[in-house]
Structures are given as structure tokens and as C-alpha cells.
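Keep in mind that what you see is a predicted model, and the values were worked out from it rather than measured. Numbered from 1 within each chain, the chains take letters A, B, ... in sequence-line order.
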2 protein chains.
Amino acid sequence: MLSKKTKYAINALVYIAKNIDEQPISVRRISEEQNISLKFLESILTELKNARVLNSKKGKYGGYSLNGTPEEIHMAKIVRLFDGAIALLPCVTYQYYERCEECIDEETCGIRQVAMEIRNETVKRLKAATLADIIKREKKLKK
Amino acid sequence: MLSKKTKYAINALVYIAKNIDEQPISVRRISEEQNISLKFLESILTELKNARVLNSKKGKYGGYSLNGTPEEIHMAKIVRLFDGAIALLPCVTYQYYERCEECIDEETCGIRQVAMEIRNETVKRLKAATLADIIKREKKLKK
DNA sequence: TATTAATCCTACCAAATAAATAGGATATAA
DNA sequence: TTATATCCTATTTATTTGGTAGGATTAATA
């Protein structure tokens, strides 16, 4: 399951992308429109800024804006940033690799192979799920 | 990520399936062969028994045996039993459905649609990953 | 019938993680 | 100077995870 942090982050990003011509957008506005606690969202957007997904502008009429186009920012990046590895097993990820302590032979582990195939498929889909793609899907669903 | 409980459960089940002609097999034996804490594994096998995945036999020379063939028992069932929903979002599962509190319109949520496609793919693969399938994969990998 | 070796049952516990909350410092536009 | 932002540090609370402890019950066999 995605954590609330990840969900809030994606929702916020989609919101900014939808209102891209009104950037920068304040945390307050997003928190009100998206039903997210102000302070919690603040810490999330700070993380997104530190990860260079967002740019920030301080002071009055400041706020956050996308660092990149809605076609470039995708769910895989956001999920990894907040929830860590996408895979079902720690031995099946490049970015967060760790051996399963109880494992007897990683090379011939059947569970691992299944997990690897699922990871490949999932990562592919999460990478395809860019902000632009999500917005496009929503437009289609509204018809 | 799968919890250790789930991983231990699958490992134990694969172990029993591999030694299917020696059933019933004791918790002690599995815990020693698979590097899993005895007491913890005991509670896991109890849950598997309550879920009718395993049968138990008490007393000397007792232990656990598969309730069903290795072709019938699959990873999806075990993951759901210990970790709950497989999907990335609570609004995308049949068995554990819950609305996302912060969600504005579930019907037209683009993130949800992505999560649904990933769930479908993942569940399909986890259902295909039966004990028999896992063992077959391991034999292939050993060559 | 005593011994051995299993499961079964209840309760507890410690560490980590998730989900916030609090309060103020600093920056900027008008 | 005022209003309104982000930025920064710290604390809190609840839940989940991964495990431990100790003994009761059951069954095979010598």
C-alpha cells in the first residue's frame, strides 16, 4: 500500500500540474482544495523540493512550481522518494538492495523470480504514469 | 514490501511442498532448515492452519501438512492472509475496500486507475505463483 | 503408564514507522 | 510596515512489525 505521504504528494503534484499557469501555488491553497493537513503537506512539499521535483518561491505570492514538465514527473519517482523500494522483496531492487537474511540461495530463489517479474511490470507502469498521463486519464473518465 | 511473516510463510510452505512425502513436518524442523525463529514460525503456521492452508497433527511425530496440492496453494492467498490487500490503494481492492479519505472523486481518479491496472497484473502473477510453480522455477534456475 | 515430542493457547513487549502537530525564523511583494 | 509565503527544528501519538515467554494439551511408543 502507498503511504498517505505518497498519496498526498501525488495529489499535490497533479493539482499543481492542472493549474500550471497559476504557478507558484501555495501550500495553503493545495491543502484546502485537496483535504490535506497544512503542516503535514508542508513537510511533504519540502521533501519534493529537496528532491528537485518542485521549485519554491518564498514570501508573499510565493509557493511551489513544478521543476520539469508534467510529462517528465512520474509516479515511480514519487513512490520511491517517500515509500522507498517498489519491489515486494528487498533483494529485487537496484536502488534499495538488501539481502533477505533468511534466504538460503538468492540465485535460485523462486519467490525472488516472481517478485522480480512483478517489479518490472509495476515499475514500467508507474513510470508511464506521469502527471500528464494521470490528467489525461481523468479527462477521459469524466466523459 | 512483503512482511517477514509473509516471506516466512511462503518459505515454510515451499519447504513442506518440497518434502511432501515426509508430511507431517514439525515446526522445529522447518525453523532449523529455513533460519526462522521457532516461536515466531509457530504462530505463522497456526495462522495458516486457521486459514485452512495447512492441516496439523498433534503429539509425537506430529506436525503440519498441506491442505491441498502444491498446484492449488498460491502466493496471492498467503500475501493477503498476512499483509492484507495487494493493491497500492485501499480503494482498489475487493477484499479490503476502503475509500481514501482525502479523495475528491473516486470514479474519475487517475491515480486509482493506474493502481487498478497494477493490481490486476500483480494479482494475476501472484495467483500463477503456486508452490508447484515456485519449485519448478527453482529447479530451472539450478541448472 | 511414563516419557518424549509435538501442537495449541494466552499474554506480553520492544523497536520501528507512520502520521501528524507546534512554534517560530526568515523572506518577499505591495 | 504589513500580509503572506516558505523554511527549520523539535515533539508527539498511534499503529504495526517482529518477536518472546511459559505452560497446557495431545499423541506415539517403550
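- When side chains are defined from C-beta on, A:Met116 does not count as touching A:Cys109, because their heavy atoms never get closer than 4.5 Å.
- Computed from coordinates, the B:Arg29 CZ to C:dA6 P distance equals 11 Å when rounded to whole Å.
- For the pair A:Ser56 and D:dC7, the criterion of a side-chain N or O lying under 4.0 Å from OP1 or OP2 is met.
- Atom P of nucleotide C:dA5 and atom CD1 of B:Ile25 are separated by 18 Å, given to the nearest angstrom.
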- [ ] Check the pair A:Tyr96, A:Arg80 against side chain to side chain donor-acceptor pair (under 3.5 Å), reporting the backbone distance first and the verdict last.
- [x] CA-CA 9 Å; A:Tyr96 299 89; A:Arg80 285 204 176 107; over 6 Å; no

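- Of the listed residues (B:Thr130, B:Ile10, B:Val123), just one forms a side-chain contact (heavy atoms from CB on, under 4.5 Å) with B:Met75, and that residue is B:Ile10.
- Considering all non-hydrogen atoms of both residues, A:Leu41 and A:Ser31 come closest at CD2-N, 3.6 Å.
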Open item on the list: How would you summarise protein contacts on nucleotides 19-30 of chain C per nucleotide, using B for base, S for sugar-phosphate only and - for none, with heavy-atom distances below 4.0 Å?
Closed with: SBBBBB--BBBS

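- Phosphate proximity of C:dA5 to B:Arg28: absent, as no side-chain N or O sits under 4.0 Å from OP1 or OP2.
- Computed from coordinates, the A:Asp83 CG to C:dA18 P distance equals 7 Å when rounded to whole Å.
- Scanning all heavy atoms of the two residues, the minimum distance from B:Ile104 to A:Glu33 falls at CD1-O, 3.2 Å.
- Straight-line distance from the CD atom of B:Glu98 to the C1' atom of D:dT15: 14 Å, rounded to whole Å.
- Atom CG of B:Leu45 is separated from atom P of C:dT7 by 8 Å (rounded to the nearest Å).
- Regarding B:Ile44, its CD1 atom lies at a distance of 11 Å from the C1' atom of D:dT17, rounded to whole Å.
- Side-chain contact annotation: A:Thr46 with A:Ser43, donor-acceptor N/O pair under 3.5 Å absent.
- Separating the CZ atom of B:Phe82 from the P atom of D:dT17 is a distance of 12 Å, rounded to the nearest angstrom.
- When the C1' atom of D:dG18 is taken as reference, atom NZ of B:Lys7 falls 12 Å away, rounded to whole Å.
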